[in-house]
There are 2 protein chains.
Amino acid sequence: MTIDHLDARLIALLAAEPRLGVLECSRRLGVARGTVQARLDRMAARGVITGYGPDVDPAALGYVVTAFVTLQIRQISGHVPVADQLAAIPEVLEVHTITGGDDMHCRVVARSNADLQRVIDLIVEVHGVVRTSSVIALDTPVPYRVLPLVADAPRQAKG
Amino acid sequence: MTIDHLDARLIALLAAEPRLGVLECSRRLGVARGTVQARLDRMAARGVITGYGPDVDPAALGYVVTAFVTLQIRQISGHVPVADQLAAIPEVLEVHTITGGDDMHCRVVARSNADLQRVIDLIVEVHGVVRTSSVIALDTPVPYRVLPLVADAPRQAKG
DNA sequence: TTGTTTAGTGGACAACATGCGCAATCGGCC
DNA sequence: GGCCGATTGCGCATGTTGTCCACTAAACAA
């Protein structure tokens, strides 16, 4: 249920230079091409690697404002229909149900602070949403990353 | 500062089948190969596409618990040294500074609820952190996605 | 010990994609 | 009309992919 040191190196290599082919990877890692192919296939099959999609920066598209919105929902209706409606809003990038006083946690983006108000209004209009609370992300000193975790996973497995 | 409808289709296509080559993309989109290459180069240059790194699922690595931790920090020290120390913890996937009563917002993962306690302890030990508050993500009805935004961006530009 | 399974290696092959440059064409725009 | 950037269609040499194969090495159970 975990990964190898070679797996970790392979992921790190691909993360650093994603346009690399299988052959080039095998050369840099000092293993046979078939091994790299097998490892990639296995990790894809196990769900460790879910894809190689292009990483798009919303800020470069003009969505320079990021905010986190927590929701309280009418518990009668359940959270699934609410989530479905939230999913219909393009500016809602992510939705989680959470523990604590609130029920849901969303990441949203907008073109400006004024535009954020529009997006929040869309969320408030969702049937089942009772109350929202927003905080704006001012800066992102650590952008989303998995590499340190990947580098650590083999160690965790051994120890 | 925004993207084309063709750009959007190209990103959507690559997101759906990331292993596709440039030539195959050009065939499916009904344009010349050079056009696809030019578009990809331009989007990469503009920062719209930041990379093609392998998407790793922490859950598949055994990190099945996701939590959001908000921090209050000692304002004297500033947030940069705190962020640096947080960045040294592999389980901390993301850090933002935020508006509101708290100062920072982190996404963390752990192998279990008990393991989450260990990670939170690591965060509390960070010099400058005064108080933390955590919520656990129970479910993720909308996982992180940018495609709807990408599909919407050309429309926003026109209208 | 022996036999079995699994992972890795090194090599080969045809088919295909890539990076590159080039001339021609299209569309908008002054 | 004349200019410009974007796009097209083309060809070339080179490198890569997918897919075979036989062989070795290590782990493990009987």
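Residue numbers start from 1 in every chain, and the chains themselves are labelled A, B, ... in the order their sequence lines are given, proteins ahead of strands. Values reported hereafter were calculated over all heavy atoms of this structure, with side chains retained and with hydrogens, waters and symmetry mates removed.
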Atom [atom1] of [X] and atom [atom2] of [Y]: how far apart are they, to the nearest 0.5 Å?
X: A:Ile73; Y: A:Thr132; atom1: CD1; atom2: OG1; answer: 13.5 Å
X: B:Ile11; Y: B:Ile49; atom1: CD1; atom2: CD1; answer: 4.5 Å
X: A:Leu61; Y: B:Arg46; atom1: CG; atom2: CZ; answer: 8.5 Å
X: A:Ile120; Y: A:Leu116; atom1: CD1; atom2: CG; answer: 4.0 Å

- Task: Would you name the heavy atoms of B:Leu29 and B:Arg9 that are closest together and state the gap between them?
- Result: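 Smallest interatomic distance, heavy atoms only, reads O-NH2, 3.5 Å.
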Donor + acceptor pair across side chains of [X], [Y] (<3.5 Å):
X: B:His96; Y: A:Thr140; result: yes
X: A:Asp121; Y: A:Gln117; result: yes
X: B:Gln72; Y: B:Asp103; result: no

- Query: What string of B, S and - do you get for nucleotides 8-22 of chain C, 5' to 3', if B is base contact, S is sugar-phosphate-only contact and - is no contact with any protein heavy atom under 4.0 Å?
  - Reply: SS--B----SBBB--
- Work out how much the helix from C:dT1-D:dA30 to C:dC30-D:dG1 bends between its end axes, five pairs an end, to the nearest 10 degrees.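 About 40°, once rounded to a multiple of 10°.
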- Within 45° of the six-membered ring axis of A:Phe68 and under 6.0 Å from that ring's centre, is NZ or CZ of A:Arg107 located there?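 Because its charged atom misses either the 6.0 Å distance or the 45° angle limit, A:Arg107 does not stack over A:Phe68.
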- Item | Salt-bridge present (B:Glu91, B:Arg111; N to O < 4.0 Å) |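 Result for this pair is no, no salt bridge flagged.
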- Query: Which is the 5'-most and which the 3'-most nucleotide of DNA chain D that has an atom under 4.0 Å from a heavy atom of chain B?
  - Reply: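 For DNA chain D, the relevant span reads D:dT7 to D:dG11.
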